[in-house]
Chemist: 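The structure follows.
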Amino acid sequence: MPTKPRRVTQREIAEIAGVSQTTVSVVLNDRDGTNVRIPEETRARVKAAIEQATYVADPAARRLAGLDNQIIGVFTYEEALSPESLDFYGPLLNGIERAAEEIGWDLLLFTSSPVENGTRSLFHRKTRLRLTDGCVLLGQQMVGSELERLVAEQFPFVAVGRRDETAAAVPYVGVDYVTPANAVIDLAAAGGHRQALYVHRGRDTATARDRRGAVEAASAAGRMAFMLVGEERVAELPRLARATDATLIIAEDAFLTEDVILSLVGAGVDVPGEISVAAFGEVRGHRTDGRALTGFRVPRKQVAAEALALLQQLITTDPQEWAELDIQRLLVAEVEAGDTIAARPAGQS
């Protein structure tokens, strides 16, 4: 059996070229030569060192040498282009497309793996993962064993969203939903609201648990008393609100919030005059009866751009040095103050 070629590190290239490892990294990432900080003579010396050190077929060495395919894979565990999912995936895909265009790389959207039982398999026999230099993973839920395999094989990838399907060191760029959830609760509490309902979909994902955790923590601390209600009970919300003296209803996402408002208005409840409503999710583009929803402004395009930047960093860095990188990042969603939260009506307890 032929011996697998040894991987060449940026440190070795730097030693051959007589420059710093940082200089090697800048040259590798500056493919079009527009970084004026690197003199052309230095750039040529680094490229000569790369040619000297990487005359092998090892994919990792080829990536370090800039001899990669410059193709990034995009894999979605769920269907991404359906009308129902575009609200979530659209901004992410748009951000990935723009970021890839800026660095001059192509995208390969994996669609050959069929959706079975609501999810795809990244390692399905039809998935052309090895055609790419690295991959961005999208999905509400991912398969822990597949993430572990990618980490073990040192294949460059970045997951979008905080991952807790495995204890492996999964590179990800996600969104902090806890901070804005607390801000929405504080906004309502400042308006005098004390009793609330939280309507959820019952999903067991990291972000769903983060949202529920904020609600449960607020109840435990006495900031707001919440009753948790499953989405299947939306039609009962007017009765439940009266029974619990709730003056606020928060739903897990904007679509569910719209259903909540329809249920309340259909029962003759004034929103937000009698009951205020908010979403623990992205609300841009969502309005009801001309009113903008109160909820989150999620930086999805920024998440996508940072995910691609991190992936490029992994691709151009030797796997033995990945531990030195910041591979798990969270960006904070902001509160979008709409028209659906009002001060608690006088006389309500």
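Position 1 is the first residue of the sequence; numbering continues from there.
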Chemist: Closer than 4.0 angstrom, basic N to acidic O: yes or no for Arg149 and Glu146?
Modeler: no
Chemist: What residues, two or more places apart in sequence or in another chain, satisfy ring-ring contact (aromatic ring centres under 6.0 Å, His included) together with His200?
Modeler: none
Chemist: Parallel under 30°, tilted from 30 to 60°, perpendicular over 60°: which one fits the rings of Phe255 and His286?
Modeler: perpendicular
Chemist: Once salt bridge (Lys or Arg N to Asp or Glu O under 4.0 Å) is applied, do any residues pair with Arg223, and if so which ones, sequence neighbours excluded?
Modeler: Asp186
Chemist: Other residues, nucleotides and ligands only: do more than 12 of their heavy atoms fall within 6.0 Å of CD on Glu216?
Modeler: yes
Chemist: If we only count heavy atoms from C-beta on, is the Ile71 to Thr132 side-chain gap below 4.5 Å?
Modeler: yes
Chemist: I need the single residue from Leu330, Leu310, Val160 that forms a side-chain contact (heavy atoms from CB on, under 4.5 Å) with Tyr172. Which is it?
Modeler: Leu330
Chemist: Just jot down the ring-ring contact (aromatic ring centres under 6.0 Å, His included) partners of Phe110, sequence neighbours excluded, or say none.
Modeler: none
Chemist: Determine yes or no for a side-chain-to-main-chain donor-acceptor pair under 3.5 angstrom, with Thr340 supplying the side chain and Thr294 the backbone.
Modeler: yes
Chemist: Identify, with sequence neighbours excluded, every residue that meets salt bridge (Lys or Arg N to Asp or Glu O under 4.0 Å) alongside Glu334.
Modeler: Arg297
Chemist: Hey, are Arg162 and Thr207 close enough side-chain-wise for a donor-acceptor pair under 3.5 Å?
Modeler: no
Chemist: Taking side chain to side chain donor-acceptor pair (under 3.5 Å) as the test, write out the residues that go with Thr288, two or more places apart.
Modeler: none
Chemist: Taking the ring centre of each residue, are Phe75 and Phe157 less than 6.0 Å apart?
Modeler: no
Chemist: Please identify each residue that fulfils side chain to side chain donor-acceptor pair (under 3.5 Å) with Thr257, with sequence neighbours left out.
Modeler: none
